[in-house]
Asker: 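What follows is a single structure, and I will ask about it in a moment.
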Amino acid sequence: MSEGITPREEDYSRWYTDIIAAAELADYAPVKGCMVIRPYGYAVWENIQRALDQMFKETGHQNAYFPLLIPESFLKKEAEHVEGFAPQCAVVTHGGGKELEEPLVIRPTSETIIWSMFRKWIMSYRDLPILINQWCNVVRWEMRTRLFLRTSEFLWQEGHTAHATAEEAEHEARQMLGIYQKFAEEYMALPVIPGQKSEREKFAGAVRTYGIEAMMQDRKALQAGTSHNLGQNFARAFDVTFQDESGKQEYVWATSWGVSTRLIGALIMAHSDDQGLVIPPRLAPIPVVIIPIYQGPEREMVLAKAQQIAQQLKDCYQVKLDDRDQYRPGWKFNEWERRGVPLRIELGPKDLAKDQVVLVRRDNNAKEVVPIAALQERVKGLLEAIQHSLYDRALQFREKYSFYIDDYEEFKNTLDTPGGFIYTFWCGSSTCEENIQEETKATLRCIPFQNEDGEGCCIYCKKKAHDRVIFARAY
RNA sequence: CGGGGCGUAGCGCAGUCUGGUUUAGCGCACCUGCUUUGGGAGCAGGGGGUCGGAGGUUCGAAUCCUCUCGCCCCGACCA
């Protein structure tokens with residue numbers, strides 16, 4: 001279809017990387033596994049940040065910053081945590097030309113350094129809760145990397161909270177998952193399934209891990225955000241206690257939660273098509289682009305009107321007026337389609353004569369003529385319509401490829417074709433989970449909060465089970 | 001780490017098997033000029049390369065040999 005973009009049907013992986021190159025979202029860095037986020041891609045990230053940051057602050061969180069380098073010994077204080085992260089850590093051994101007395105780990109996540117600080121800050125229940133978030137980069141040495149989805153260094157936010165009671169911590173972990181869900185659905189136009197992670201899939205050092213799962217267009221699952229109830233694990237590891245109201249010393253209860261630049265990968269794989277990127281209006285760096293059309297002497301008049309319209313719309317939206325003379329309109333149409341701009345306004349002499357413009361939607365190519373007087377209103381309406389229709393389309397897709405299956409053979413067949421989310425009973429044993437994964441390459445994505453069926457038999461061992469869980473091949 | 005693919009201009013490639021009119025070429029992009037502009041314009045002119053790197057074979061290497069570095073894709077670890 002579009003030049004330089006491999007169709008999804010032909011090669012989904014290539015399509016994905018082609019989209020990123022064509023829309024100029026990111027590029028490969030000189031170091032393996034690292035990526036450069038280009039201005040257009042970073043603008044998407046900034047929009048993600050802005051929306052989430054506001055939601056975090058509305059729920060009482062404050063931003064802070066903790067250092068990149070963490071003493072290696074810190075990481076070793078929490079048993080599960082070391083085991084989980086040690087193999088993935090980059091370690092600094094030299095500084096200033098000399099070997100360091102203690103190697104410094106580049107943060108794979110900041111629980112340890114943050115809890116070492118919480119120890120200094122928390123004395124009594126009056127110091128709690130502490131609700132902190134940080135926007136930063138982390139490094140995890142990955143064997144296999146893919147732009148946005150898994151890179152050795154990535155950008156994210158990590159929330160870290162400390163509470164006086166287990167209930168409060170649990171409430172916080174669930175609340176933040178709720179925020180992620182709301183963000184995914186309302187901003188990314190991405191339907192997600194909130195649920196709990198199995199023991200095998202949970203965060204190293206957590207008591208419980210929650211996550212939101214989304215389905216990509218190749219029917220694979222992608223975890224779009226996680227939230228952990230860390231119990232008292234880190235408080236014990238870092239000896240963080242507080243005096244409660246009755247005067248007793250207690251360990252502090254903790255949570256942590258995060259989303260990363262992986263969300264951009266999710267955005268791409270959920271909505272884009274063979275023409276290029278498709279970005280939901282609420283996250284689009286440029287929601288509206290104006291393409292003026294003119295020949296010779298018409299130029300001044302058309303451009304003047306285009307500028308006027310741009311100015312008028314700018315009060316509400318980021319509008320781009322593409323007044324570059326070196327490209328012709330057809331070329332520009334393609335360019336902005338490739339870059340996923342949700343709405344295009346075409347304005348030429350014929351429109352000028354009739355006081356109208358042509359509007360074209362990126363999501364379905366629908367074209368309509370609108371009087372300039374009604375433009376503002378119509379743009380607003382269309383952007384909302386696009387936002388909703390992207391969500392609906394993604395939801396329908398997910399529903400279409402969600403299956404309730406109780407037979408293991410059927411389970412395997414369905415995973416192969418057509419693929420998707422398989423809701424099935426599972427007894428709760430890690431062994432069954434592991435065997436299923438080895439035999440089918442599907443992982444237990446989550447135990448959904450909303451479970452429809454009550455009782456059944458484990459798809460693997462046939463023992464009694466009371467949870468229908470989701471299995472899928474995943475990123 | 002295993003399997004596959006690939007390193008030649010900014011990007012995509014041909015040339016490699018069979019060493020020699022190749023002074024290393026083509027398309028796109030880029031620069032200049034003119035004509036163009038409602039779905040990726042046309043013509044003319046122009047700039048741009050240590051052929052990933054190091055050794056070797058040879059009168060002669062992008063091409064053959066050895067070593068090496070890097071990347072992409074598919075698997076085992078993970079947001």
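Below, chains carry the letters A, B, ... as their sequence lines are ordered, and counting in each starts from 1.
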Asker: Mind checking the P distance from rG15(B) to rC59(B)? Whole angstroms is fine.
Answerer: 28 Å

Asker: Out of Trp257(A), Tyr180(A), Phe449(A), which one pairs with Tyr210(A) under the ring pair (Phe, Tyr, Trp, His ring centres under 6.0 Å) rule?
Answerer: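 The passing option is Phe449(A).
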
Asker: Within the 4.0 Å heavy-atom criterion, would you say Asp351(A) contacts the bases, only the backbone, or no part of the nucleic acid?
Answerer: base

Asker: Any base atoms under 4.0 Å from Leu149(A), or only sugar-phosphate, or nothing? Heavy atoms, all strands.
Answerer: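 Base contact.
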
Asker: Indicate, yes or no, whether a donor-acceptor pair under 3.5 Å links the base of rG38(B) to the side chain of Glu298(A).
Answerer: no

Asker: Of the nucleotides rG39(B), rU37(B), rC77(B), which one has an atom closest to the side chain of Glu142(A)?
Answerer: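 For the Glu142(A) side chain, the nearest candidate turns out to be rC77(B).
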
Asker: Quick one: is rC30(B) close enough that its OP1 or OP2 comes under 4.0 Å of any side-chain N or O from Tyr327(A)?
Answerer: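 So the side chain of Tyr327(A) is within the cut-off, an N or O lying under 4.0 Å from OP1 or OP2 of rC30(B).
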
Asker: Arg328(A) side chain N/O closer than 4.0 Å to the phosphate oxygens (OP1, OP2) of rG40(B)?
Answerer: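 Negative; the distance criterion is not met.
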
Asker: With respect to the side chain of Arg344(A), which nucleotide from rG38(B), rA76(B), rG39(B) is positioned closest?
Answerer: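 In terms of side-chain proximity for Arg344(A), the closest of rG38(B), rA76(B), rG39(B) is rG39(B).
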
Asker: Using whole Å, report how far CH2 of Trp15(A) lies from C1' of rC72(B).
Answerer: 18 Å

Asker: Return the CE to CG distance between Met35(A) and Leu149(A), rounded to the nearest 0.5 Å.
Answerer: 9.0 Å

Asker: Scan Phe148(A), Trp135(A), Phe154(A), Trp156(A) and name whichever one has a ring pair (Phe, Tyr, Trp, His ring centres under 6.0 Å) with Trp45(A).
Answerer: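 Answer after filtering Phe148(A), Trp135(A), Phe154(A), Trp156(A): Trp135(A).
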
Asker: Nearest whole Å is fine: how far is rG40(B) P from Trp336(A) CH2?
Answerer: 18 Å

Asker: What distance, rounded to whole Å, do you find between the two P atoms, one in rG39(B) and one in rU35(B)?
Answerer: 22 Å

Asker: Say you pick atom C1' in rC28(B) and the same atom in rG47(B); how far apart are they, in whole Å?
Answerer: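 It comes out at 16 Å once rounded to the nearest Å.
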
Asker: Of the nucleotides rA41(B), rG39(B), rC73(B), which has the atom closest to the Lys367(A) side chain?
Answerer: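 Selected nucleotide: rG39(B).
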
Asker: Under 4.0 Å, counting only non-hydrogen atoms across every strand here, what does Thr443(A) touch: a base, just sugar-phosphate, or nothing?
Answerer: nothing

Asker: Please determine whether a side-chain nitrogen or oxygen atom of Lys441(A) lies at a distance below 4.0 Å from atom OP1 or OP2 of rA76(B).
Answerer: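 Checking Lys441(A) against rA76(B): at least one side-chain N or O falls below 4.0 Å of OP1 or OP2.
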
Asker: Touch check for Ser260(A), heavy atoms < 4.0 angstrom, all strands: base, sugar-phosphate only, or nothing?
Answerer: base

Asker: Can you tell me the distance, in whole Å, between the CD1 atom of Ile20(A) and the P atom of rC11(B)?
Answerer: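 Going from Ile20(A) (CD1) to rC11(B) (P), I get 18 Å.
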
